Amino acid sequence: MREVAPGILVYAAPYALASRDNEGAIANVGFVVGRDAVAVIDTGGSLLAGRRLLAAVRARTALPIRYVINTHVHPDHVLGNAAFAGEGATFVGHRNLPEALAARAGSYLQSNADLVGPGFAGTRIVPPTLLVEERRELDLGGRVLRLDAWPTAHTNSDLTVRDLATDTWFLGDLLFVGHVPALDGRLEGWIAVLRRLRAEPAARVVPGHGPASVSWPAASGPIERYLTTLETEVRAMVRDGRPIGEAGTAAAGEASEWSLFRDFNARNATTAYQELEWD
């Protein structure tokens, strides 16, 4: 864990797909320590990853874990939740998160069990019970976190968490740094939300994938370039009548700029094509 600001610790995960070697710990996770309690922000991609995060919290403080906040639905961010189920914490998420998790629970558990192997044993879905409709503040004792729910962008359940004391902003997977973005929502929506985020300064931000913290809004440049390139090139394909099967070649000029480009770009382009062909 790296302390990116006083009382804020972040694990910067490797750029990788879930596997036995990493046991699903492939997303940035962290926690915030207040005067009276702790909030955990995302939990990793398996029960074991969550237990390791819990151990990191306990190495820092004996304060109760009051909240476990999930920034969106993806398994690398939520499947460690069960490690905190016995801590008396309230699980928090976007208003759409319970439904999104319920729809994908079976496929998430099966596919990640196959990828992670024995280290996945005991992993289960723990949905949020405290939902954020638009904005909500959580008090850790002298330390307030501001949570904002966003329209469909990276996913339909994107939530950001801002520590007002240090002006540190957890952006979840609305921000990728180095790791190619993964589109599971709406391309136009993501670009629009990113521009709204960029207009609001912050002392530092924590991306869902990338370094433990980065400067803002400078860190928004590469992801905005990728997403707008994808939009421009896919729109041209739709306009020219090229079939969806060719969409995977869009944004090929970005390949050298991102880790895991081949693993995600073709799917991003296909998702974008399905969205933009109806514009």
Side-chain angles (χ1 to χ4, degrees), residues 2 4-5 8 10-16 26-30 41-42 71-72 74 76-77 146 148-155 157-163 166-237 247-273 275-276:
R2 176 186 166 198
V4 301
I8 300 182
V10 175
Y11 169 69
Y15 299 150
I26 58 169
N28 292 359
V29 298
I41 302 171
D42 287 333
T71 62
H72 63 289
H74 285 158
D76 51 330
H77 294 260
R146 192 189 79 194
D148 289 293
W150 296 92
T152 300
H154 166 63
T155 68
S157 53
D158 296 311
L159 187 74
T160 58
V161 183
R162 190 165 192 149
D163 173 53
T166 65
D167 200 25
T168 301
W169 208 1
F170 285 78
L171 297 185
D173 279 7
L174 289 170
L175 178 63
F176 285 71
V177 178
H179 180 309
V180 71
L183 176 62
D184 190 26
R186 291 186 62 252
L187 178 58
E188 289 183 305
W190 196 349
I191 292 170
V193 167
L194 188 62
R195 288 173 176 167
R196 289 173 62 187
L197 295 171
R198 188 184 63 191
E200 188 171 344
R204 67 196 60 79
V205 298
V206 179
H209 297 268
S213 71
V214 291
S215 60
W216 189 254
S220 67
I223 185 174
E224 184 175 5
R225 185 194 66 236
Y226 171 80
L227 295 175
T228 55
T229 297
L230 188 66
E231 180 188 32
T232 298
E233 296 189 11
V234 171
R235 281 193 184 282
M237 289 179 170
T249 62
E254 289 280 315
S256 64
E257 304 296 324
W258 302 94
S259 295
L260 303 177
F261 187 86
R262 291 186 178 181
D263 295 290
F264 290 95
N265 185 67
R267 184 167 58 190
N268 290 344
T270 299
T271 300
Y273 190 106
E275 172 188 339
L276 298 176

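Small disclaimer: the values here were computed from a predicted structure and weren't measured.
- Ring planes of His179 and Phe176: tilted class, angle from 30 to 60°.
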Original post:
So Thr232 and Thr229, side-chain contact (heavy atoms from CB on, under 4.5 Å) or not? Walk me through it.
Top reply: CA-CA 5 Å; Thr232 298; Thr229 297; 5.8 Å; no
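- Of all non-hydrogen atoms in Ala12 and Ala212, the two that sit nearest each other are CB-N, 3.6 Å.
- Between Thr271 and Glu275, every side-chain heavy-atom pair lies at or beyond the 4.5 Å cut-off.
- With hydrogens and angles ignored, the 3.5 Å screen pairs a side-chain donor or acceptor of Asn28 with a backbone N or O of Pro207.
- Here the CG atom belonging to Leu230 is positioned 13.5 Å from the OH atom belonging to Tyr273, to the nearest 0.5 angstrom.
- Aromatic ring pairs are classed by plane angle as parallel below 30°, tilted from 30° to 60° and perpendicular above 60°; the pair His77 and His72 is tilted.
- Two residues are said to be in side-chain contact when any heavy atoms from C-beta on lie closer than 4.5 Å; Ile191 and Thr228 meet this criterion.
- From Thr155, atom OG1 reaches atom CG of Asp184 across 6.5 Å, with rounding to the nearest 0.5 Å.
- The closest side-chain donor-acceptor pair between Thr71 and Asp42 falls under 3.5 angstrom.
- Put simply, CG on Leu171 and CH2 on Trp150 are 9.0 Å apart, with the number rounded to the nearest 0.5 Å.
- A side-chain donor-acceptor contact under 3.5 Å links Arg204 to the backbone of Thr166.
- Counting only distance, with no hydrogens or angles, the side chain of Asn268 and the backbone of Pro181 share a donor-acceptor pair below 3.5 Å.
- Atom OG of Ser220 and atom CG of Leu174 lie 12.0 Å apart (nearest 0.5 Å).
- The two atoms that bring Ala272 and Leu187 nearest to each other are CB-CD2, 3.7 Å, heavy atoms only.
- Closest of all the heavy-atom pairs between Ala252 and Phe261 is CA-CZ, 4.2 Å.
- Between Ala251 and Tyr226, the closest heavy-atom pair is CB-CE1, 4.1 Å.
- Using a cutoff of 4.0 Å between basic side-chain nitrogens and carboxylate oxygens, Arg196 and Glu200 are not scored as salt-bridged.
- Side-chain atoms of Ile8 and Phe170, non-hydrogen and from C-beta on, do get closer than 4.5 Å to each other.
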### Leu276 vs Glu188, side-chain contact (heavy atoms from CB on, under 4.5 Å): CA-CA, chis, key distance, verdict
CA-CA 9 Å; Leu276 298 176; Glu188 289 183 305; 4.0 Å; yes
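- For Tyr15 against Pro211, the heavy-atom pair with the smallest separation is OH-CD, 4.1 Å.
- Residues Val214 and Leu175 have side chains in contact (heavy-atom distance under 4.5 Å, counting atoms from C-beta outward).
- Between atom CD1 of residue Ile26 and atom CG of residue Asp76 there is a gap of 4.5 Å, rounded to the nearest 0.5 Å.
- Put simply, the side chain of Trp216 gets close to the backbone of Leu197: a donor and an acceptor are under 3.5 Å apart.
- For the pair His154/Val193, no side-chain contact is recorded, criterion being any heavy-atom separation below 4.5 Å from C-beta on.
- Side-chain atoms of Asp167 come within 3.5 Å of backbone atoms of Ala203 as a donor-acceptor pair (strictly under, hydrogens ignored).
- In this structure, CD on Glu231 lies 9.0 Å from CG on Leu227, to the nearest 0.5 angstrom.
- Here the closest non-hydrogen pair linking Arg186 and Leu183 is C-CD1, 3.8 Å.
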